[in-house]
Structure formats: structure tokens, C-alpha cells
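Every heavy atom of this structure was used, including side-chain atoms; hydrogens, water molecules and symmetry mates were not.
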Amino acid sequence: NIRVASFTFISSGINAEYGEKRKAAIERKKLSAQLLAEEEETLAAAASSKAPPKKLTQAELSKRKAEQDALKEAENKEKEEPLHENLNRVMTDTEVAQSVEQAIAALDVKDGVDMHPEKRVKAAWTAFEQGRISQLRAENPSLRLSQIRQMLRKEWQKSPLNPLNK
């Protein structure tokens, strides 16, 4: 007996919740339908109140265009400011090249000053070593190659051919 009573109580609670949800859904549908009808009425009223636009003659069109042009000119005169020089384009202390040769000449190092001597150290060392190693071998035939290279390095540190010494 108790089981049956509790079952009917649960089922009646579910039915009550379902009924409330159903009523709320029906009310929402009515409200949205009412809002739609109001919006359609306002659109229809706005559309019916608009009269068709009057046709314009060529003279009226040219008159309107002249008025608009006059307004634009007046605005431009008010906004007109003196032009300032573009600092990105100012060329102070620069050379202008018209050809490839002039560009290369402009990019060359001035007054013999090498801006990046460290880039030329290896090539200068190789040239120095090839030219000087045979002379040192002739002067010191009893020394080993490693000893001759040590002497070369000491000379290289003081040599004017070393780009890092300039």
C-alpha cells in the first residue's frame, strides 16, 4: 500500500512540473506573437506614410552638386594647414646615387677607415701565413712547424697587415 501511494505522489509531482513548464512555454509563444504583430504594424505604417520621392530635374541635380562642392571647399579651406616637411625624407649628410657605380662609391669606406676589420682577419691571416712561412722555414730549418707557427702568431700580433691593428 505504501509503495503505491508514494508512486502516485511522485507521478503527480512530475505532472505538476510538466504542466507549469507547458503553461510558461505557451505564454512565451503568445508574447512573441504579440511582439511580432506590433512590429509588423509599425513597419506597415512607416511604409504607407512614405510618399514616393519626387523626380528631380537636371537643373536641380546640378544645383545640389554645386552646393555640395561649395561645402567641401569651405571645409577644406578651414582644415588647410601648412604642410610640414617629412622628416623621413630629409637627406642630411647623405649622398645621392644615380647609378650603380655611384651607389658603390657612396657605400665605400671613407678615408681608408675599415668599419668591420674582424670580418677580414681570416683571409688576411692566411695571406700573411703563406707569404711568411717559407721565409721563416728558410731562416730556421731546425724548428718544427708548430714552433714556426708560434713565431708567426707573435709577428701577426704586431704586423701592420693585421686588420685589427689599424
Side-chain angles (χ1 to χ4, degrees), residues 17 21 24-25 27-29 31-36 38-40 42-47 49-166:
E17 286 180 25
K21 288 182 182 178
E27 287 179 25
R28 275 185 272 144
K29 280 186 179 181
L31 180 62
S32 63
Q34 181 184 2
L35 290 173
L36 179 65
E38 289 175 6
E39 187 175 348
E40 287 176 350
T42 57
L43 288 175
S49 67
K50 287 185 181 177
K54 179 179 107 177
K55 289 189 177 181
L56 299 175
T57 63
Q58 193 67 28
E60 290 173 338
L61 287 175
S62 62
K63 182 179 176 183
R64 281 188 182 179
K65 185 170 181 171
E67 289 173 357
Q68 288 176 352
D69 290 342
L71 285 174
K72 284 182 183 178
E73 287 179 20
E75 288 175 3
N76 288 339
K77 286 181 182 178
E78 290 174 3
K79 291 180 182 178
E80 197 170 303
E81 295 177 13
L83 294 177
H84 299 288
E85 189 173 10
N86 186 352
L87 298 177
N88 293 328
R89 300 282 182 184
V90 173
M91 301 178 94
T92 58
D93 300 332
T94 59
E95 295 182 23
V96 178
Q98 301 296 327
S99 66
V100 174
E101 290 82 19
Q102 290 175 354
I104 291 171
L107 292 174
D108 278 346
V109 177
K110 304 285 190 276
D111 302 321
V113 176
D114 193 1
M115 298 301 289
H116 299 284
E118 65 276 359
K119 293 182 178 180
R120 284 160 274 299
V121 170
K122 185 176 180 181
W125 162 254
T126 307
F128 178 77
E129 184 182 33
Q130 287 176 354
R132 190 74 178 108
I133 199 163
S134 59
Q135 293 173 357
L136 285 176
R137 281 206 150 203
E139 292 173 8
N140 304 309
S142 63
L143 294 179
R144 284 185 239 141
L145 183 61
S146 62
Q147 292 172 327
I148 292 175
R149 286 214 169 119
Q150 282 179 350
M151 290 173 60
L152 268 175
R153 278 192 209 98
K154 286 181 184 177
E155 284 183 32
W156 175 250
Q157 297 298 323
K158 300 173 187 173
S159 172
L161 298 175
N162 186 349
L164 296 176
N165 289 340
K166 294 181 181 179

Completion exercise
Rounding to 0.5 Å, atoms CZ (Arg149) and CG (Leu136) come to a distance of 11.5 Å
Handout entry: Any donor-acceptor pair under 3.5 Å from Gln157 side chain to Lys154 backbone
Key = no
Practice task
Find out whether Arg132 and Leu152 are in side-chain contact, i.e. whether some heavy atom of one side chain is under 4.5 Å from a heavy atom of the other.
Solution key: yes
Exercise for the section: Please tell me if the side chains of Leu145 and Ile133 come closer than 4.5 Å, counting only heavy atoms from C-beta onward. Expected result: yes
Handout entry: Nearest heavy atoms of Gly131 and Ser134, plus distance in Å
Key = O-OG, 3.8 Å
Exercise for the section: With the side chain counted from C-beta on, respond yes when Arg64 and Leu56 share a heavy-atom pair under 4.5 Å apart, and no when they do not. Expected result: yes
Exercise for the section: Measure from the side-chain N and O atoms of Gln147 to the backbone N and O of Arg144, and report whether any donor-acceptor pair falls under 3.5 Å. Expected result: yes
Exercise for the section: Using atom types as modelled and distance alone, determine if a side-chain donor or acceptor of Asn162 lies under 3.5 Å from a backbone N or O of Trp156. Expected result: yes
Practice task
Evaluate whether atom CD of Gln135 has more than 12 neighbouring non-hydrogen atoms of other residues, nucleotides or ligands under 6.0 angstrom away.
Solution key: yes
Exercise for the section: Would you indicate whether the side-chain heavy atoms of Gln130 and Trp125 approach each other to under 4.5 Å? Expected result: no
Handout entry: Check: Glu155 main-chain N/O paired with Ser159 side-chain donor or acceptor under 3.5 Å
Key = no
Fill in the blank from the handout: Distance col, row Leu161:CG vs Arg120:CZ, nearest 0.5 angstrom, shows 14.5 Å
Exercise for the section: Using modelled atom types only, decide if a donor and an acceptor are shared between the side chain of Gln102 and the backbone of Gln98 within a distance under 3.5 Å. Expected result: yes
Handout entry: Separation of Glu73 CD from Asp69 CG (nearest 0.5 Å)
Key = 6.5 Å
Handout entry: Neighbour count >12 (heavy atoms, 6.0 Å) for atom CD, Gln58
Key = no
